[in-house]
Amino acid sequence: LERIHTAGVRAVPTAESPWGIWLPDGRPPGGGVWQLPGFDEGFFEVQDEGSQLISLCTEAAPGERVIDYCAGRGGKAWALASMVAPSGVVEAWDIDVDAKRQVSGARAAQNGA
């Protein structure tokens, strides 16, 4: 939060998810959240709070294997990966071909997968 505040963007913790932050003023000036400090380093992903809560409800633990059969663009899969790290595995599947490309492309590299 401190790095985002330093960039002049108001950010507050989300109401339910212990992981989330909310930008009450909407999109930051100059574009989007991908321009905020920490995004390029993979410190955060854009994800709605509901998806964060779904990931938390799985109670996935380090070393486990998790299958996400509705991975979409990978937000929940990345959250699950952080839960099963460092030795766990997340398999992300989706019927949408474009979504699958996003899960395995630049976002995967950015997230260290």
Side-chain angles (χ1 to χ4, degrees):
L1 283 175
E2 186 176 321
R3 289 184 74 188
I4 293 173
H5 288 151
T6 302
V9 176
R10 189 166 63 117
V12 297
T14 52
E16 302 292 332
S17 171
W19 296 337
I21 62 168
W22 177 51
L23 307 179
D25 299 327
R27 192 177 288 238
V33 296
W34 54 88
Q35 297 174 347
L36 291 174
F39 184 77
D40 286 339
E41 296 91 354
F43 290 140
F44 68 88
E45 275 285 330
V46 177
Q47 183 181 53
D48 66 89
E49 187 175 17
S51 293
Q52 293 173 18
L53 293 172
I54 288 169
S55 299
L56 286 165
C57 286
T58 67
E59 298 183 355
E64 291 185 335
R65 173 180 232 99
V66 178
I67 301 173
D68 182 352
Y69 274 115
C70 190
R73 286 166 173 70
K76 289 181 298 298
W78 302 128
L80 291 164
S82 74
M83 295 170 70
V84 302
S87 58
V89 174
V90 175
E91 295 187 31
W93 298 87
D94 202 282
I95 60 171
D96 184 320
V97 175
D98 290 331
K100 284 192 288 190
R101 283 191 199 110
Q102 290 187 29
V103 170
S104 62
R107 287 181 75 189
Q110 180 179 346
N111 284 288

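All values reported here derive from a predicted model rather than from experimental measurement.
Without hydrogens or angle criteria, His5 side chain to Arg10 main chain gives no donor-acceptor distance under 3.5 Å. A donor-acceptor pair under 3.5 Å is formed between the side chain of Glu49 and the backbone N or O of Glu16. Counting only distance, with no hydrogens or angles, the side chain of Ser51 and the backbone of Gln47 share no donor-acceptor pair below 3.5 Å. With Gln52 contributing its side chain and Ser17 its backbone, the two residues share no donor-acceptor pair below 3.5 Å.
The shortest heavy-atom contact between Gly32 and Arg27 is CA-CG, 3.9 Å. A pairwise comparison of heavy atoms in Leu56 and Pro18 identifies CD1-CD, 3.4 Å as the closest pair. When all heavy atoms are compared, the tightest approach of Ser87 to Gly63 is OG-CA, 3.4 Å. The nearest pair of heavy atoms linking Val33 to Phe44 is O-CZ, 3.6 Å. Nearest heavy-atom pair across Ser55 and Ala79 is OG-CB, 3.5 Å. Closest approach of Cys70 and Asp94 over heavy atoms only: C-OD2, 3.5 Å.
Annotation: the span from Leu80 atom CG to Thr58 atom OG1 amounts to 5.0 Å, rounded to 0.5 Å. Going from atom CZ of Arg65 over to atom CD of Glu91 covers 4.5 Å, rounded to the nearest 0.5 Å. Atom CD of Gln35 is separated from atom CG of Asp40 by 9.5 Å, given to the nearest 0.5 angstrom.
Counting only heavy atoms from C-beta outward, the side chains of Arg3 and Glu41 approach each other to under 4.5 Å. Residues Cys57 and Ile54 fail the side-chain proximity criterion, which asks for heavy atoms closer than 4.5 Å. The side-chain heavy atoms of Pro28 and Val9, taken from C-beta on, include a pair separated by under 4.5 Å. For the pair Ile67 and Tyr69, the minimum side-chain heavy-atom distance is below 4.5 Å.
In the hydrophobic cluster analysis, where Ile, Leu, Val, Met, Phe, Trp and Tyr join through side-chain heavy atoms closer than 4.5 angstrom, Met83 is grouped together with Val66. In terms of hydrophobic clustering, with Ile, Leu, Val, Met, Phe, Trp and Tyr side chains grouped at heavy-atom distances under 4.5 Å, Ile21 and Val46 are assigned to a common cluster. With hydrophobic clusters built from ILVMFWY side chains whose heavy atoms lie under 4.5 angstrom apart, Trp78 does not share a cluster with Val89. A continuous path of ILVMFWY side-chain contacts below 4.5 Å connects Leu53 to Val84, so both sit in one hydrophobic cluster.
The pair Asp68-Lys76 does not count as a salt bridge, with every side-chain nitrogen at least 4.0 angstrom from each carboxylate oxygen.
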